[in-house]
A.B. asks: 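Dumping the structure here so I can ask a few things about it.
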Amino acid sequence: MNCEFMIASTPLPPCMPLPKAMLRLPVSNTAKVMYARLLDEILTRGTEDSNGILFIRFPVMEIAAALSRSPQTCKRSLNELEQAGMIMRVRQGIGEVSHIYILLPKEDTAHE
């Protein structure tokens, strides 16, 4: 990888957002990176539901490829994020990809 030092005028390369509150959540680092990737995905390719709330369709195999992790690790991380209240998955019909809603931590969560 070609790297350089950063100076004040250095433009940032493309980055993924990660709310600071996520750093304090008791979830694995893989789940935190996955959350950043899901948040990036919803910002670029999110679809509005009938209530105007954004969701994404992101199959586990695609998430695994995007994060260079196994599908089983990704399923475990999705479960962690869901249990922590950071995502909500709405299952569709058999063979259909779930809708994933991304929940944002409130500001006061960062101070807990």
Side-chain angles (χ1 to χ4, degrees):
M1 178 184 290
N2 189 10
C3 298
E4 62 184 66
F5 287 102
M6 188 170 180
I7 59 173
S9 62
T10 303
L12 282 177
C15 298
M16 290 186 289
L18 182 67
K20 288 181 182 179
M22 288 297 296
L23 298 177
R24 292 197 170 112
L25 278 183
V27 296
S28 67
N29 287 333
T30 299
K32 291 172 186 175
V33 171
M34 177 182 287
Y35 182 84
R37 182 63 180 91
L38 294 174
L39 191 54
D40 184 61
E41 188 73 12
I42 205 164
L43 291 172
T44 57
R45 297 188 332 159
T47 303
E48 283 188 22
D49 66 9
S50 60
N51 296 313
I53 300 171
L54 291 175
F55 70 90
I56 51 173
R57 292 179 193 94
F58 206 166
V60 172
M61 294 304 287
E62 287 183 26
I63 295 172
L67 298 178
S68 298
R69 299 287 184 265
S70 72
Q72 189 59 37
T73 297
C74 290
K75 288 177 188 177
R76 192 173 23 250
S77 294
L78 284 167
N79 288 334
E80 281 184 77
L81 290 172
E82 195 164 34
Q83 297 224 337
M86 298 310 300
I87 66 169
M88 182 176 77
R89 291 183 284 179
V90 178
R91 285 152 180 78
Q92 303 303 300
I94 296 173
E96 295 290 320
V97 178
S98 295
H99 292 180
I100 301 174
Y101 291 85
I102 310 301
L103 296 127
L104 298 172
K106 292 183 179 179
E107 288 297 319
D108 61 349
T109 306
H111 302 293
E112 291 179 355

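Note that the structure is a prediction, hence the values are computed from the model and not measured.
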A.B. asks: What pairs with Ala66 under side-chain contact (heavy atoms from CB on, under 4.5 Å), at least two apart in sequence or on another chain?
C.D. replies: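 Listed in chain order: Arg37, Phe58.
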A.B. asks: Just to verify, what does Ser70 make a side-chain hydrogen bond (donor to acceptor under 3.5 Å, both in side chains) with, not counting sequence neighbours?
C.D. replies: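 Ser70 satisfies side-chain hydrogen bond (donor to acceptor under 3.5 Å, both in side chains) with Thr73 only.
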A.B. asks: Check whether more than 12 heavy atoms from other residues, nucleotides or ligands sit under 6.0 Å from atom CG of Asn2, and answer yes or no.
C.D. replies: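 Not more than 12 within 6.0 Å, no.
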A.B. asks: Does Val97 share a hydrophobic cluster with Ile102, counting links as ILVMFWY side-chain heavy atoms below 4.5 Å and allowing steps through other members?
C.D. replies: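 No, because Val97 and Ile102 fall into different hydrophobic clusters, even though each may have its own neighbours under 4.5 Å.
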A.B. asks: Could you list all the salt bridge (charged side-chain N to carboxylate O under 4.0 Å, His left out) pairs where at least one residue sits in residues 84-98, not counting sequence neighbours?
C.D. replies: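 Every salt bridge (charged side-chain N to carboxylate O under 4.0 Å, His left out) pair that includes a residue of residues 84-98, provided the two are not neighbours, is Glu82-Arg89.
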A.B. asks: Using the salt bridge (charged side-chain N to carboxylate O under 4.0 Å, His left out) rule, collect all pairs that involve residues 49-64, keeping only residues at least two apart or in two chains.
C.D. replies: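 Those involving residues 49-64 do not exist here.
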A.B. asks: Nearest 0.5 angstrom please: Met34 CE to Ile100 CD1, how far?
C.D. replies: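 Reported value, rounded in 0.5 Å steps: 8.5 Å.
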A.B. asks: In the hydrophobic cluster built from side-chain contacts under 4.5 Å, what are the other members alongside Met61?
C.D. replies: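 Members other than Met61 - counting any ILVMFWY side chain reachable under 4.5 Å - there are none.
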A.B. asks: Kindly give the heavy-atom pair with the smallest separation between Thr30 and Ser77, and that separation in Å.
C.D. replies: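 Closest heavy-atom pair between Thr30 and Ser77: CG2-OG, 3.3 Å.
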A.B. asks: For Ile42 versus Ile56, what's the shortest heavy-atom pair and its separation?
C.D. replies: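 Of all heavy-atom pairs spanning Ile42 and Ile56, the closest is CA-CG2, 3.5 Å.
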A.B. asks: Please table the atom pairs, donor to acceptor, closer than 3.5 Å between any side-chain atom in residues 8-16 and protein atoms at least two apart or in another chain.
C.D. replies:
from	atom 1	to	atom 2	distance (Å)
Thr10	OG1	Ile7	N	2.8
Thr10	OG1	Ile7	O	3.2

A.B. asks: Hydrophobic clusters join Ile, Leu, Val, Met, Phe, Trp and Tyr when side-chain heavy atoms are under 4.5 Å apart, directly or via other members; which others share one with Ile94?
C.D. replies: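 Once heavy-atom contacts under 4.5 Å are chained together, Ile94 still belongs with nothing else.
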A.B. asks: Taking side-chain contact (heavy atoms from CB on, under 4.5 Å) as the definition, give me every residue that meets it alongside Val27, ordered by chain and number, with sequence neighbours left out.
C.D. replies: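 Scan of Val27 (side-chain contact (heavy atoms from CB on, under 4.5 Å), adjacent residues dropped) gives Leu25, Ala31, Lys32, Glu80, Ala84.
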A.B. asks: Grab the two heavy atoms, one from Ala64 and one from Cys74, that are nearest each other, plus how far apart they are.
C.D. replies: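 Closest heavy-atom pair between Ala64 and Cys74: CA-SG, 3.5 Å.
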A.B. asks: Arg45: which residues meet the salt bridge (Lys or Arg N to Asp or Glu O under 4.0 Å) condition with it, sequence neighbours left out?
C.D. replies: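 Once residues adjacent in sequence are excluded, the partners of Arg45 under the salt bridge (Lys or Arg N to Asp or Glu O under 4.0 Å) criterion are Glu41.
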A.B. asks: Provide the closest heavy-atom pair for Gly46 versus Leu54 in the form atom of the first, atom of the second, distance.
C.D. replies: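 Looks like C-CD2, 4.0 Å.
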A.B. asks: What residue pairs, at least two apart or across chains, pass ring-ring contact (aromatic ring centres under 6.0 Å, His included) with a residue in residues 5-53?
C.D. replies: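 Sorted result for residues 5-53: empty, none.
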A.B. asks: So which residues get pulled into Val90's cluster when ILVMFWY side chains under 4.5 Å apart are joined, directly or through others?
C.D. replies: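 Grouped by the 4.5 Å side-chain rule, Ile53, Phe55, Met88, Tyr101, Leu103 form the rest of the cluster around Val90.
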A.B. asks: Would you indicate whether the side-chain heavy atoms of Leu23 and Leu18 approach each other to under 4.5 Å?
C.D. replies: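 When only atoms from C-beta onward are counted, Leu23 and Leu18 do touch, with a gap below 4.5 Å.
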A.B. asks: Run the side-chain hydrogen bond (donor to acceptor under 3.5 Å, both in side chains) test against Thr47 and tell me which residues pass, sequence neighbours left out.
C.D. replies: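 Counting only residues at least two positions away or on another chain, Thr47 forms no side-chain hydrogen bond (donor to acceptor under 3.5 Å, both in side chains).
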